[in-house]
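Below, chain A is the first sequence line, B the second, and so on; all start at residue 1.
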Amino acid sequence: MIRTEQGSATAGGFDRGSRARREAVRRLLLGGSILIGLLGPADARPDDVRDPLLVEAWNEFRAGRNQEAAAQFQAVATQHPDKSAASLQALYGYALAMQHSQPWPRPEEAERALRRIIDADPRGPLAPWAILELGNLANDRTRQANPVAAVHFERVLSEFAESPAADEAALKLAGITIAEGTRESALRGVGVLEARLARYPDNPVAVVMHLRLDYTYCVILQDYANSLRHAEAVCRLRLKDPFRWSRQLWHTAELHRRHSGNRERAAHFYRLILTEAPRSEHVWAARQRLWEWGMLDGVGAPDGGKHGK
Amino acid sequence: MASSWKVWILAGAFALCALWALRPRAGVTTAAGTPATVIRVTHTLTDDGVRRALEDAAARYGKIHPDRRVLIQAVPARSYEQWTNTQAIGGTLPDIIQVTGRAGRWSLYAQRYLLPLGPDVLRPNPYADASGLAAVPWRDTFRDGLNTGFFLHLMEYFRIPIALNTTRVFFNRALYREIMGSQSYPRDLAEYMAFAERVRQVARERETALHPMVVSGEYMARNGELSFVFRQIVDPVSMNLAERYEIAFWGIPQHMLQHYGLLTGTFSYDNPTHERAFSLLKGFAETCQPGFSSYHNEDSRMLFLQGRGVATIGDSWDLGVMQRLAGFEIDVVPFFRVVLDTDGKRVVLPALRDEITEGASLAFGINRESPRARLALDFLQFLSSREENVRLCRSLSWVPAAGDRASEAIPSTFDPVTSGAIGHMPFGQPPGRTHLYLVQNLPIFLNGRIDFKTWAAGMNAVWLRQGDRDVEAFNLRLMRGSRVIENNIAKERAAELFPEARGPEDGSGGARESSYVFGLEMVDLLHSHATERKVVRDWLGAGDYVFPPKMNEALPSGSLIRLIPE
């Protein structure tokens, strides 16, 4: 559910609550849907309340036919009253279709539609997402440290702190702040993410925040103690990208070996490579490190004899 | 008058042809005579054995689903690109097409014409029951974790691999025995060099043009540091060279480390490790036929089949065809491991890294516009179920994409190597000037026209002269890639916000949320890289960055290669 400070909601799915609570809500909703399906009238089923014109427009957008999608979103927007949920959704879809149209995006059109959403319902559930997109649009035009984009992201963070849109806004704001390129700006950038994580440690994109902090502390600021703190958090929360997984485990182990000097902890992460990423490119080297320290249990050679002659 | 006559004859012939083409035809029917739903599959492997094997698989599928027929069509590889272009633009793409790459035009194809498979690969394969994988996500039933199906910059799975490919050394058994007097093939580079010397001696005695190895430029040097032999020799020898310079501690080669090293005067390509690696590479090159750089695979394999080379390098795909065409027995062995004498100990180095995820594979995508897209998906699930996949690959001597061991279908020598050397120093930044220098000068070095010192000095100079520009160009490409991902994130975000924006193929809320977070991970990583390249370079120039980074010496590691005595 998307919540605002006023507590209004849409039918969306983001929630920063615990996984268990989210699952409980889902089960409740599922149970309700089944009950309605069994007992209620046929037109009360969730699938039937989806506006078919909007469904069609989103289908076009998902298929990458943005011109067709934009035309259909426009048609829906004109058919419904200005501030209705359907009209606002259509405007949002229209903005996305314009923003991502290929080969030539139309950012001005997208911006106009997003501003209409904000003007129509400035405290509504869609407002923070529309402001976030304004920031993305501004960011997309320059791809550099961008004060205009920063204003939009800061606004989402300050005025809609409870919205999950603020999580993404924090990531984007941190990114463009670090990209300003000074040590001071890098520290401000990591400050944005540290503050957001301190207040919302379980937010849906927490793993990405930890990843960015880990990387920025390690590579840019060369602050390995802080890097390690977030590197371990990324390992705990797990990256969604399976192909980067062994790299993250290796990175965390190496931070321990080369900076904290904690051999046990380093060995823990080398072992995780063997058990959780057994086909990865880091396996041979992880076994090597453990073997060197006499911690490769039960195996006499670093390559298990496979690579010997 | 006569010419008018001919025109009428030609027009008549054309009309007859048109009538023949447009004649009413009986539809494809099932065994019971009822109309069958036809699933069309296109691929580039015109070999008759492949056609038969795929048709057999289609027949087995037809037994499970009598109401469906799978029609296989082969289009020659040389015309496949034009053919798929025409079909895609004309709206007549088959239901399933072979997807031969992930970059370039295939990236555009994926966006416009291919069905995104993300939600489906997270669910179990319905045909996995027999192999005990009924509860395992389809993605995890592949040997490569479906890496070869994933389009990184599109953040989506668009193709399903049916077979993997590994590269090995093929020997002419009879010729080898005749020359060496045994069937004991070289296992490491030192043994290979001894074998090569013996072949050259025999060739001199017999006054014949017999070469120890006939090989194409593609395997040797044409792709620079991505060439097979280059990676087999240079990567292991120079493994761990980058450790001292690593700023992210990922254990993988990162372009820029060499640039930072050159800028700070802490690294040079003219170092003993690279000199040793390049000396070994050159030694190997001298055992190959003259002019190998300009040879294509077909040319070098022809030399091998003619008996003008005792060995060649080939892919697992080639085994079946070579065995059929050669008038002699063929034995296949892994490429020769590099052995070094270090501190009086004999040290065997690991092979190149991660062969399983880097092997080109036979992979198929689904036409997004096909009304039979779900049935097409079902057929690919059938083909990639472990039992069926191994059966198909066994009949063709291919490495199966599913299943635990290649040897279930093909000699175990083709089993992909999944762990190997990490941490070697990279060379050029593709496709920039630095990469171009390597690609253009590597053959010249291997042919003996320049020595290692000259080559290394040129590599150093091109990085110092062109490195910034190459890195800037690379950053721009990263940003373009992130724009595509942003588009996909927008779709996932919309699906979270509005029920109307969810497609029928969408997974659960959890799966959607994963895709959204995954997208943000990818974008954030791309932006992190771009920022790092700019910031660290600027700070280095201002003397405001510690490079190589300081290290706590509490737990130092010796050189990795010194730890593996024989």
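- By a heavy-atom distance cut of under 4.5 Å, A:Gln89, A:Tyr92, A:Leu96 are the residues of residues 89-99 of chain A near chain B, going up by number.
- Under the rule for a ring pair (Phe, Tyr, Trp, His ring centres under 6.0 Å), the partners of B:Phe336 that lie at least two apart in sequence or sit in another chain are B:Tyr192.
- When all heavy atoms of B:Trp539 and A:Gly181 are compared, the closest pair comes out as NE1-O, 2.9 Å.
- With a 4.5 angstrom heavy-atom cutoff, A:Leu211 touches chain B only via side-chain atoms.
- Applying side-chain contact (heavy atoms from CB on, under 4.5 Å) to B:Leu520 and the options A:Met209, A:Glu168, A:Arg212 leaves one that passes, A:Glu168.
- Annotation for B:Asp544 and A:Arg183: closest pair O-NH2, 3.1 Å, computed over non-hydrogen atoms.
- Of the atoms belonging to B:Val546, heavy atoms from both backbone and side chain fall under 4.5 Å from chain A.
- Counting heavy-atom pairs under 4.5 Å between each of B:Leu525, B:Asp538, B:Val535 and chain A puts B:Leu525 at the top.
- The contact between A:Phe61 and chain B is made by backbone and side chain atoms together, counting heavy-atom distances below 4.5 Å.
- The two residues B:Phe498 and A:Leu126 have their closest heavy-atom pair at CZ-CD1, 3.6 Å.
- The main-chain N or O of B:Lys550 is never found under 3.5 Å from a side-chain atom of A:Arg258 such that the two would form a donor-acceptor pair.
- Between B:Pro549 and A:Tyr224 the shortest side-chain heavy-atom distance falls below 4.5 Å.
- A side-chain donor-acceptor contact under 3.5 Å links A:His251 to the backbone of B:Ala248.
- Under the side chain to side chain donor-acceptor pair (under 3.5 Å) criterion, A:Arg265 pairs with A:Glu232, not counting sequence neighbours.
- Interatomic distance, NZ of B:Lys534 versus CD1 of A:Ile220, reported as 10.5 Å (0.5 Å rounding).
- Per-residue counts of heavy-atom pairs under 4.5 Å with chain A were compared for B:Glu532, B:Arg368, B:Glu246; the largest is that of B:Glu532.
- Closest approach of B:Phe249 to A:Trp250, counting heavy atoms only: O-CD1, 3.5 Å.
- Side-chain atoms of A:His282 come within 3.5 Å of backbone N or O of B:Trp250 as a donor-acceptor pair.
- The line from CG of A:Asn59 to CZ of B:Arg502 is 13.5 Å long, rounded to the nearest 0.5 Å.
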| request: Report the C-alpha distance between B:Lys491 and A:Glu60 in whole Å, list the side-chain angles of each, state the deciding distance to 0.1 Å, and finish with yes or no for salt bridge (Lys or Arg N to Asp or Glu O under 4.0 Å). | output: CA-CA 11 Å; B:Lys491 291 173 190 169; A:Glu60 297 287 356; over 6 Å; no

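- Note that CD of B:Glu521 and CG of A:Leu239 are 4.5 Å apart. Values are rounded to the nearest 0.5 Å.
- Heavy atoms closer than 4.5 Å to chain B are found nowhere in A:Thr252, neither backbone nor side chain.
- Every residue two or more places apart in sequence or in another chain that forms a side chain to side chain donor-acceptor pair (under 3.5 Å) with B:Glu369 is listed here: A:Arg65.
- Contact check on A:Glu133 versus B:Arg493 returns a salt bridge, with a Lys/Arg side-chain nitrogen under 4.0 Å from an Asp/Glu carboxylate oxygen.
- Only the side chain of A:Leu132 comes within contact range of chain B, with heavy atoms under 4.5 Å apart.
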